[in-house]
There are 2 protein chains.
Amino acid sequence: MLSKNEEDYLKVLFHLLTGEGGDRAGTNQLAQQLEVKPASANSMLKRLSEKKLVEYQKYSKPILTPLGRATALQLIRRHRLWETFLFQKLNFAWDEVHEVAEQLEHVQSEKLIEQLDRFLGYPKFDPHGDPIPDAQGNMAVREYELLANIAPGQRVRITGMKDSSTAFLQYLNDLGLALHSELLVLEHIPFDNSLRLALPDGLTAQVSEKFALHVFVLRLD
Amino acid sequence: MLSKNEEDYLKVLFHLLTGEGGDRAGTNQLAQQLEVKPASANSMLKRLSEKKLVEYQKYSKPILTPLGRATALQLIRRHRLWETFLFQKLNFAWDEVHEVAEQLEHVQSEKLIEQLDRFLGYPKFDPHGDPIPDAQGNMAVREYELLANIAPGQRVRITGMKDSSTAFLQYLNDLGLALHSELLVLEHIPFDNSLRLALPDGLTAQVSEKFALHVFVLRLD
DNA sequence: ATGCCGTGTTAGAGTTGTCTAACAAAAGAA
DNA sequence: TTCTTTTGTTAGACAACTCTAACACGGCAT
Ligand SMILES: [Mn+2]
Ligand SMILES: [Mn+2]
Ligand SMILES: [Mn+2]
Ligand SMILES: [Mn+2]
């Protein structure tokens, strides 16, 4: 059985190694993500290696073993199910769920997660649009495109966010946008690659390229 | 902020000191309840004393400060709300809720508990019939009498259990009894103080005095 | 009052995790 | 290639627990 800390390190490592350019992930990135010093991350890498979750030799990049990957996916499953619960049943806002799920994910009970999944109706995506792995670690592939790449005139639906920071989520909230919101790209301004959008409430908004690079969408029609 | 372990020690101490004959509770009882050695309980008593939750001088019985009592009641609130959630929403059996609630109770989030309480409809009692403290630490007084003291001919409703051990809860289950079950005392056998009962399903059962001393009831009619 | 036994306390060591400070290796620039 | 910067590793200390083993206190019986 893994400790809460071992689980958190493993999960962060999974995200670092699975995200784009994940091959460059090492001790320092791991430490930074977890807000600890590199010395701490280094000693945890050794411990995870002892437990056969990570393959690690000094001065080379760590990789997850199949066991490590499977274990991380189960933790991600728990995290996203709890986020969904908080959002759907307990009136938590979009940007409030993560912090609490970060604690709830460590509760050890097979039955708890099974029953929570059933209670929520076997959701496929969490409130941020991220796919929820099933008990076998399989998850839906989210078909998405970046909003930044959509041509004017195209209607789209928001399917996820690349960034789940509070600042970003609250900005989205202020625009009246959420997962599943539909919007229309009105204009593309070549100077700075910003976009003019028609929002669900009928208003229009001008958003930066940086914004548009953080929103995943599905083309409609 | 208290650690998970500090919270658990505090809660057990509260139950030891609040239960009948709670004045006799000391280092050894505390250690036994928590399944640790007396040396460990002793050092935790010092730490809780440092944090002004317990008044403690060596070789004398510890008592809770008002702050310690209030803190313990909030933990008990969280525990019983989670038990209620697991029982009512996630199909957990009566004797399965405690172990998981023992973990969930340590999740730190005011909003989580507020919203959970609302989601459950502000329940006054947990699945074992134990009262749930409100945010101020107040709880309903459960009017109860021991089944052992009920005279033949009296109809009663089960309002709680003095013992929440798995063995006891499963015996109750096997008899078809649960919280709120109604039953009729048919006969009192003076020889061993056992009772004959009419059960909800129409059958009768013979139960020992020990059993009858662990069930709280309300007289009906 | 003395002695015994159960209760309670301390010292000292181990585990899991953290940090700082010093150092070693690898990568990049000149 | 040689220097410099970034990245990674180690040693050693500390905190929050845990334990075992030795010891002190206090209540009770003779
Ligand atoms: Mn976490
Ligand atoms: Mn999420
Ligand atoms: Mn607990
Ligand atoms: Mn209970």
Side-chain angles (χ1 to χ4, degrees), chain A residues 1-13 15-17 19 21-64 68 71-72 75 102-103 105-108, chain B residues 1-13 16-17 19 21-64 68 71 75 102-103 105-108:
Chain A
M1 254 227 7
L2 299 186
S3 72
K4 182 224 170 247
N5 282 358
E6 288 167 336
E7 287 191 331
D8 279 333
Y9 273 95
L10 185 64
K11 188 179 61 167
V12 168
L13 199 50
H15 282 131
L16 283 175
L17 298 180
D23 46 324
R24 275 193 289 291
T27 304
N28 281 8
Q29 275 98 326
L30 186 58
Q32 195 204 331
Q33 287 284 314
L34 285 153
E35 301 181 83
V36 297
K37 301 297 163 185
S40 305
N42 181 264
S43 73
M44 183 57 92
L45 280 174
K46 289 185 198 162
R47 305 239 308 285
L48 292 176
S49 177
E50 286 291 304
K51 297 203 174 189
K52 310 288 181 197
L53 298 160
V54 170
E55 278 177 48
Y56 169 74
Q57 289 148 222
K58 55 184 191 175
Y59 296 110
S60 80
K61 303 291 173 185
I63 59 174
L64 291 177
T71 306
L75 185 59
E102 201 56 50
Q103 301 178 59
E105 68 188 358
H106 302 291
V107 174
Q108 300 290 333
Chain B
M1 256 227 2
L2 298 186
S3 73
K4 183 227 171 242
N5 283 356
E6 288 167 336
E7 286 191 332
D8 278 334
Y9 273 95
L10 185 64
K11 187 179 63 168
V12 168
L13 199 51
L16 283 175
L17 298 180
D23 46 326
R24 275 193 289 291
T27 305
N28 281 10
Q29 274 98 327
L30 185 57
Q32 195 204 330
Q33 287 284 313
L34 285 153
E35 301 182 82
V36 296
K37 301 298 165 185
S40 305
N42 181 265
S43 72
M44 184 58 92
L45 279 175
K46 289 185 199 164
R47 305 238 311 283
L48 293 176
S49 178
E50 286 291 303
K51 298 203 174 189
K52 308 292 180 194
L53 298 160
V54 170
E55 277 177 48
Y56 169 75
Q57 290 148 221
K58 55 184 191 175
Y59 295 111
S60 80
K61 303 293 174 184
I63 59 175
L64 291 177
T71 306
L75 185 59
E102 201 57 50
Q103 301 179 60
E105 69 188 358
H106 301 290
V107 175
Q108 301 289 334

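When reading the values below, keep in mind they use all heavy atoms of this one structure, side chains included, and skip hydrogens, waters and symmetry mates. In this text the structure is predicted, and so the values were computed from the model without any measurement. A note on names: the letters A, B, ... follow the listed sequences, proteins ahead of strands, and every chain is numbered from 1.
Between K4(A) atom NZ and dT18(C) atom C1' there is a gap of 13 Å when expressed in whole angstrom units. Per the geometry, CG belonging to L2(B) stands 19 Å off P belonging to dA15(D), to the nearest Å. Protein atom CG of L34(A) is 8 Å distant from nucleotide atom P of dT18(C), rounded to whole Å. N42(A) has its CG atom 14 Å from the C1' atom of dA22(C), to the nearest Å. Counting to the nearest Å, the C1' atom of dT18(D) and the CG atom of D8(B) are 15 Å from each other. Protein atom NZ of K46(A) is 10 Å distant from nucleotide atom C1' of dG8(D), rounded to whole Å. Look at CG on N28(B): it is 14 Å from C1' on dA24(D), rounded to the nearest Å. Between the CG atom of L45(B) and the P atom of dC17(D) there is a distance of 13 Å, given to the nearest Å.
Summarising the local packing, CD of Q32(A) is surrounded by 12 or fewer heavy atoms from other residues, nucleotides or ligands at distances under 6.0 Å.
Listed nucleotides: dC19(D), dC17(D), dC19(C). Nearest to the side chain of R47(B): dC17(D).
A distance of 10.5 Å separates CG in D8(B) from CD in Q103(B), rounded to the nearest 0.5 Å. Here the CG atom belonging to N28(B) is positioned 10.0 Å from the CG atom belonging to N42(B), to the nearest 0.5 angstrom. In this structure, the separation between NZ on K46(A) and CD on Q57(A) is 13.5 Å, given to the nearest 0.5 Å. Between the CG atom in L48(B) and the CG atom in L64(B) there is a gap of 9.0 Å [rounded to 0.5 Å]. We find the CG-CD1 distance between L17(A) and I63(A) to be 8.5 Å, quoted to the nearest 0.5 Å.
Between Y9(B) and the phosphate of dT18(D), there is a side-chain N or O to OP1/OP2 separation shorter than 4.0 Å. An OP1 or OP2 oxygen of dC19(D) is reached within less than 4.0 angstrom by a side-chain nitrogen or oxygen of S40(B). For S43(B), no side-chain nitrogen or oxygen approaches OP1 or OP2 of dT18(D) to under 4.0 Å.
Two residues, P38(B) and N5(A), neighbour DNA chain C, and the one matched to the more 5' nucleotide by heavy-atom proximity is P38(B).
For the pair E7(B) and T71(B), the minimum side-chain heavy-atom distance is 4.5 Å or more.
Only Y56(B), K58(B), Y59(B), K61(B), listed by number, bring a heavy atom of residues 50-63 of chain B to less than 4.0 angstrom from any atom of DNA chain C.
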